[in-house]
Amino acid sequence: MGTGRSLPWLLLLSAALLTSTRCLGSQQPPATGHIKVPLLEPVSVYLEPNEHKRVVITNITRLAASVVAQVYSHMQNVTVSLSRYFSVDSSYTSSSAGVVLILNPDAAKATFYIKAGQKEVLATVFALPYAAQDPVPGACNLEFILDNDPNLHLTYNVYETAVSFAPANLGTDRGTSPPACDVGTDGHTRWRLTYELYQYFLPENDLSDKSLSDGMSKMSSVQSIMGNGMKITTIPSSQKTKLYGNSYVGIGVIYNVIVRDPLMKTSAAYAPVSTYTCDLSSKGYECKQSDGNFIYVQVLCTVIGIYGLLLCLAGHRLFEAEFLFFGFLIFGFMSFVLVTRYSALDFIRRFAMLVGGGLCGGLLLSLVRWRFDLPLVCVAIVGLVLGFLVAAIIFFTPLANFSIFHNDVNFGMVYAFITLVIPTVLLPFPKTLNIIACALVGSYAVVVAVGMYVYSSLTYIILNIIKRAVDPDFAMVYINAPFQRTEYVLTFVWVFLFINGAVLQFILARNRSTFPPSLYQKWRRRNTTIGERTPLLQTPEI
C-alpha cells in the first residue's frame, strides 16, 4: 500500500525534474572544466565545437590591480566572457579577443570564460598584470558592449583598414572605485592619457598559424610592442579613437595600441588584433580569390609589364610605340579615376573605360607625333609621367604621414609641384629626359607585373595614389609599407633594369640625332619634288 501511494508522487517529481532540465537547457549551459594560465606565460587551448572552458589566471601578486587577458586564434572566432553563462552584455567574439579583469582586494586569482564557435579552434591565452598606477585599457567605453573593453575593433575594405578602440581610464588601487570618465578635462582626469598606434607586418607569403602566433606574442606587452612594432602615430584623448591604416591584401598585419599616462610615467597595452585583408582559404595558408575580376587586372598589368620592358631597353628608338604607351597610362588613369569616383558602374564597365580611354589617348598622342612631329611637346608629356611616378615614390615613404598631407589641398599642391618640376628641370635636355622616363617607368611596369603574382608592397607605390584619387576617406590613412625579402629582390630588379636600360639607350642613341623625324615627315621628304632650291646634301634619316 505504501509503495502504491508513493508512486504518483515519484512520477510527479520526475516530471518536474524533467521540465526543469528542459528549461535550463534552453539557456546557455555554464562552462565546464577549467584551464590554469600563469601570468606572462602563453598557454595553448584546444576547444571542440561549442565547448566552454573556465580560465583561471594564477600567480597574481599583490602589486597587480588589474589583468588584461588576451585570447587569439588563426581563423576561427573565440568568445570571451566575464559571465559563466556568456550573457551578451559581458561577452565579446573575435579571432582576437580580450577582457579586463579588475581584481578584488584579496584576490590571488582571476577568472573568465571562453567558448568555441561552430568549429573546433586552437587558441592561445595570454595574461598581463597592471599596477594601480597603470592606465586601464578600454575602461571608459561608451560605444562597445563590454564595460571595460580592451579590444581593437577592426574593419577593412580594399582601400583602408579602420581600427577603433574605447578610451582608457586612470588606474586605481584594489577595492577603489575608478574615477569618472567624463567629469572634467584637466590633468587629473583620463584626458591626460595619450594613445600610440603600432603596426607589425608578418613574414611575407606566410599565412600560417605559427607565423601569426609568433607575431601576436611580439605585439602583446608594452615592451615587446615597442621592440618589434612600427609606430604609426600618437593621438591625445581629445581626438577620436579611430585610426586608419592601409589595406595590404594577402599581407598579415597586427595592430595594437599603447596607452600612456604622462604624469605617472606608466603605460598599458590593449589586446592586439590581426588581419590579412582577405578571407583565408579552408586550410588557412592563402587568401581565397573571391574577386573573379582580378584576372583582368593581371592580364592588363602583364601586357603593360612586357611593353614596359621593351621601352626600358629601347624606348628612345621606338617613339611611336613609346608615346602609345605613355598616352595609354595617362588617359587610362584619368578615365578610371573619374569613372570610379563619380559613377556607380561595376568593375567590368570601369575596366572597359580604362582600356578604351587608354587606347584612345595612346593613339591620339602617337598620331600627334606621327603627323605634327612636335618632339618637345611629346617629351614634355612623357616627363609628366616621370614626375608623377617620382612623386608617388616620395609619398610612399613616411613623409606621407605628416598631418599636413592629410589635407587634400596640401597633398595635391605638393604632388602637382613634384610632378611639374621634374620635366621642367630636365626639358632643356630632352634626350636625357626621354631616356630616363622610359627606363624608370618601363622598369617599374615590370615590377608591377611581377607584383600581380607575388604579394609585394611595391605595387602600392601607384596603388596608393589611385586609392587617394578615388576614395575621399583615404586621406586619413597612415601609410607604412612592409619591406621584406620580396621587396628587396624586386627593388634590386627595378634598379638593375633602370640603370642598364638607361645605359643601353644612351649607347644606342650615341652619334644619332636627338629626335629623328616622324614617319609622316619622312614620307613627305620622299615625295617632295626636287627643285633648284633643293640642297645637294640632305640630313640623313636616322
Side-chain angles (χ1 to χ4, degrees), residues 39-40 55-57 59-71 80-84 87-92 97-113 126-153 163-197 220-222 225 234-242 256-273:
L39 285 175
L40 303 176
V55 180
V56 179
I57 309 298
N59 298 343
I60 299 178
T61 65
R62 296 287 300 174
L63 297 177
S66 62
V67 172
V68 174
Q70 307 167 3
V71 182
V80 296
S81 180
L82 298 174
S83 167
R84 63 183 306 198
S87 57
V88 175
D89 59 350
S90 64
S91 303
Y92 179 71
V99 289
V100 175
L101 306 174
I102 304 299
L103 300 176
N104 295 323
D106 298 326
K109 299 179 181 179
T111 301
F112 71 101
Y113 304 87
F126 186 67
L128 291 163
Y130 290 104
Q133 295 77 23
D134 297 327
V136 182
C140 281
N141 174 40
L142 297 176
E143 182 179 357
F144 307 108
I145 296 176
L146 298 176
D147 289 337
N148 300 319
D149 191 347
N151 296 286
L152 303 185
H153 301 266
V163 179
S164 305
F165 56 95
N169 200 358
L170 302 179
T172 57
D173 292 319
R174 293 193 188 190
T176 305
S177 299
C181 290
D182 294 319
V183 176
T185 58
D186 55 33
H188 298 288
T189 65
R190 64 103 175 171
W191 294 93
R192 73 183 187 224
L193 302 177
T194 60
Y195 303 89
E196 299 174 355
L197 178 64
S220 295
S221 65
V222 172
I225 293 171
T234 301
I235 62 172
S237 292
S238 58
Q239 188 171 327
K240 187 176 181 180
T241 54
K242 185 174 184 178
N256 207 345
V257 170
I258 295 177
V259 54
R260 296 189 183 276
D261 186 339
L263 181 63
M264 303 300 294
K265 307 296 182 184
T266 55
S267 58
Y270 282 68
V273 65

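We number each residue from 1, following the sequence as shown. Atoms considered below: every heavy atom in the structure, side chains included; atoms not considered: hydrogens, waters and symmetry mates.
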So which atom in [X] and which in [Y] form the shortest heavy-atom distance, rounded to 0.1 Å?
X: G98; Y: V80; value: O-CG2, 4.1 Å
X: S87; Y: S81; value: N-OG, 4.3 Å
X: F165; Y: L152; value: CB-CD2, 3.6 Å
X: L263; Y: G187; value: CD2-O, 4.2 Å

Please answer whether the main-chain N or O of D149 pairs with a side-chain N or O of Y270 as donor and acceptor at a distance below 3.5 Å.
no
Between T185 and W191, is there a donor-acceptor pair closer than 3.5 Å when you use the side chain of the first and the backbone of the second? no
Nearest 0.5 Å please: distance from the [atom1] atom of [X] over to the [atom2] atom of [Y].
X: Y195; Y: S267; atom1: OH; atom2: OG; result: 13.0 Å
X: T172; Y: N169; atom1: OG1; atom2: CG; result: 8.0 Å
X: L82; Y: S91; atom1: CG; atom2: OG; result: 7.5 Å
X: T234; Y: I258; atom1: OG1; atom2: CD1; result: 9.5 Å
X: Y113; Y: S90; atom1: OH; atom2: OG; result: 10.0 Å
X: L128; Y: I57; atom1: CG; atom2: CD1; result: 10.0 Å

Practice item. Please test R190 against D182 for side chain to side chain contact (heavy atoms under 4.5 Å, CB included), starting from the C-alpha separation and ending with a verdict. Key: CA-CA 8 Å; R190 64 103 175 171; D182 294 319; 3.0 Å; yes
Could you tell me if the side chain of [Y] sits less than 4.5 Å from the side chain of [X], heavy atoms only?
X: L40; Y: P129; result: yes
X: V273; Y: N151; result: no
X: V67; Y: L39; result: yes
X: K265; Y: R260; result: no

| query | For the residue pair H153 and Y92, is the inter-centroid distance of their aromatic rings smaller than 6.0 Å? | reply |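 Yes, the ring centres sit under 6.0 Å apart.
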Those residues at least two apart in sequence (or on a different chain) that pass salt bridge (charged side-chain N to carboxylate O under 4.0 Å, His left out) with D147 are none
For [X], which residues count as a side chain to side chain donor-acceptor pair (under 3.5 Å) partner, sequence neighbours excluded?
X: T189; answer: none
X: D261; answer: R192
X: S220; answer: Q70

Report, one line per pair, each donor and acceptor closer than 3.5 Å where one atom sits in a side chain of residues 99-111; sequence neighbours left out.
none

With a cut-off of 3.5 Å and sequence neighbours excluded, list every side-chain donor-acceptor pair involving residues 135-146.
unit_1: N141; atom_1: OD1; unit_2: E143; atom_2: N; d: 3.0
unit_1: N141; atom_1: OD1; unit_2: F144; atom_2: N; d: 2.8
unit_1: N141; atom_1: ND2; unit_2: F144; atom_2: O; d: 2.9
unit_1: N141; atom_1: ND2; unit_2: L146; atom_2: O; d: 2.4

